[in-house]
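By convention in this document, chain letters (A, B, ...) are assigned in the order of the sequence lines, proteins followed by strands, and residues within each chain are numbered from 1. As a basis for the values below, the full set of heavy atoms in this structure was taken, side chains included, without hydrogen atoms, waters or symmetry mates.
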There are 2 protein chains.
Amino acid sequence: MTQTGISRGQAARERLITAAQELFWENGVAATTPRQVLARSGVGHGSLYHHFPTKRALAIAAIQRTSEQALARALAVLNQDRPARERLRAFLTRQRDALAGCRIGRLTADPDVMADAEMREPIRRYFTALVEALATVIAETGVPLTTATARATTVAAVVQGGYVLARAGGDAHALERATSGLMDLLEGD
Amino acid sequence: MTQTGISRGQAARERLITAAQELFWENGVAATTPRQVLARSGVGHGSLYHHFPTKRALAIAAIQRTSEQALARALAVLNQDRPARERLRAFLTRQRDALAGCRIGRLTADPDVMADAEMREPIRRYFTALVEALATVIAETGVPLTTATARATTVAAVVQGGYVLARAGGDAHALERATSGLMDLLEGD
DNA sequence: GTCTATACAGGGATAGAC
DNA sequence: GTCTATCCCTGTATAGAC
């Protein structure tokens, strides 16, 4: 009750989550060790296990956080005050770090994540919400709703696959080629 | 000189590679242990390190093999004796184990693979050859070559992304929705 | 809350006999 | 070529002091 909004303890907790988010993006969950999280965050061993009973608990917190942040950024683009066609184009041409890969999508290849329902859930939610938002925008461009839903899945997929191709070839432009190829199709050539 | 084409030793080597291929598909390279490969293949510890000096050497052999096999299967579909339009459709609607993910594409999220140029190379080759073959087929449908190349990247990306979405949602149909959404666009609605 | 010390299984590999 | 025994390091914690 005498505390400010964020106690000193919360600072360590936040630093742990942030460091875990970064490392998960770089190397995945399974391949990230508690020691790496400690080194990155500057937090001590004792503190980690004070704030999180296990690596799994930290992983869940970090994945949830990443998922929320990524969804918020995507929805910000899709809900801008502009014509639907422009919002769709803005989503597809958004600046992305192609060689780093998608912070969320890449987790679907992580064995620790896929083996754990609580880690999978934020990922499922992210893509469900993203595809739904895309379908809404696409429907606003005048496409029937059932067509819009399939097309929204295609749009989300081309971005995820663009990341895969970019990383596979060490070529950041592969993502742009994939999305621009789809945009041409969407805009009727 | 007195040997048959495949010596008894090759049998163990082959079983190790096959087991590694399966395990890499299931769990990735980094998360697969030599012990798992031994258990799966039925080969003994001594034999593993007789045939492959390190886990890395086994991984390179297994990834190369997987890449060759996957490319051969894809090209078989794309080079059938049928109209280009049908071959493209056959590629997109090919039976795929969506929830298992792509044996090649998934490796782009593996930290061990991405940190090693020799492991990355077969993956790069696979997608380069796949996109080139797709571009040829698409060009045969009457599309200008530069457009065909971008479009080929889009096709490969939608398949890869479809896998990601399917695994993310635990929904095998997500892959079909992604590819059928693309097919509608390709066939001019 | 944070620290240092300790524990112990498993990963990745070597040694040397058969 | 294959086997068993052994090795050292790191991942993932637990214990208990400060």
Side-chain angles (χ1 to χ4, degrees), chain A residues 1-24 26-63 110-113 115-116 118-119, chain B residues 1-24 26-63 110-113 115-116 118-119:
Chain A
M1 309 300 183
T2 62
Q3 296 182 328
T4 56
I6 294 181
S7 71
R8 183 165 225 92
Q10 290 302 308
R13 194 175 199 281
E14 285 301 309
R15 288 212 306 284
L16 287 165
I17 291 177
T18 303
Q21 288 183 277
E22 293 174 9
L23 288 161
F24 291 172
E26 294 166 21
N27 295 320
V29 175
T32 295
T33 73
R35 290 212 229 284
Q36 290 175 301
V37 176
L38 297 178
R40 177 76 58 106
S41 65
V43 169
H45 194 151
S47 296
L48 167 57
Y49 288 97
H50 172 74
H51 291 291
F52 299 98
T54 60
K55 173 186 169 181
R56 174 172 181 267
L58 171 60
I60 290 170
I63 292 171
D110 193 294
D112 278 18
V113 173
D116 190 311
E118 250 180 287
M119 293 193 206
Chain B
M1 306 299 182
T2 64
Q3 295 182 333
T4 57
I6 293 181
S7 72
R8 183 167 225 89
Q10 290 302 308
R13 194 175 200 279
E14 285 303 306
R15 287 212 306 285
L16 287 165
I17 291 177
T18 303
Q21 287 182 279
E22 292 174 10
L23 288 161
F24 291 171
E26 292 166 23
N27 295 321
V29 176
T32 294
T33 73
R35 285 168 163 56
Q36 289 175 300
V37 176
L38 297 178
R40 178 74 60 104
S41 64
V43 169
H45 194 152
S47 297
L48 167 57
Y49 287 98
H50 172 73
H51 291 290
F52 299 97
T54 60
K55 174 187 169 181
R56 174 171 180 266
L58 171 60
I60 291 171
I63 293 171
D110 193 295
D112 278 18
V113 173
D116 190 312
E118 250 180 289
M119 294 193 205

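The nearest whole Å value for the distance from the CG atom in A:Leu23 to the P atom in D:dG11 is 12 Å. A:His51 has its NE2 atom 16 Å from the P atom of D:dA13, to the nearest Å. As rounded to whole Å, 18 Å separates atom P of D:dG1 from atom CG of B:Leu38. In this structure, CG of B:Asn27 is placed 15 Å from C1' of C:dG11, rounded to the nearest angstrom. A:His50 places its NE2 atom 18 Å from the P atom of D:dG16, with the value rounded to the nearest Å. Atom NZ in B:Lys55 sits roughly 12 Å away from atom C1' in C:dG10 (whole-Å rounding). Rounding to whole angstrom units, OH of residue B:Tyr49 and P of C:dG11 are separated by 11 Å. The CG-C1' distance, from B:Leu48 to D:dT4, rounds to 15 Å in whole Å.
Side-chain nitrogen and oxygen atoms of A:His45 include none within less than 4.0 Å of the OP1 or OP2 phosphate oxygen of C:dT6. For D:dA13, neither phosphate oxygen OP1 nor OP2 lies less than 4.0 angstrom from any side-chain nitrogen or oxygen of A:Thr54. Distances shown here put every side-chain N or O of A:Thr33 at or beyond 4.0 Å from the OP1 or OP2 atom of D:dT12.
Looking at B:Arg35, its side chain comes within 3.5 Å of the base of C:dG12 through a donor and an acceptor atom.
The backbone N or O of B:Thr32 lies less than 3.5 Å from no partner atom in the side chain of B:Asn27, so there is not a single donor-acceptor pair. Using a distance-only test at 3.5 Å, with no hydrogens or angles considered, no donor-acceptor pair links the side chain of B:Asp112 to the main chain of B:Val29.
Taken to the nearest 0.5 Å, the CZ atom of B:Arg13 stands 8.5 Å off from the CG atom of B:Leu58. One finds the CZ atom of A:Arg40 at 4.0 Å from the CG atom of A:Leu23 (value rounded to the nearest 0.5 Å).
DNA chain D is contacted by both A:Pro34 and A:Gly46; A:Pro34 maps to the nucleotide lying nearer its 5′ end (nearest heavy atom per residue).
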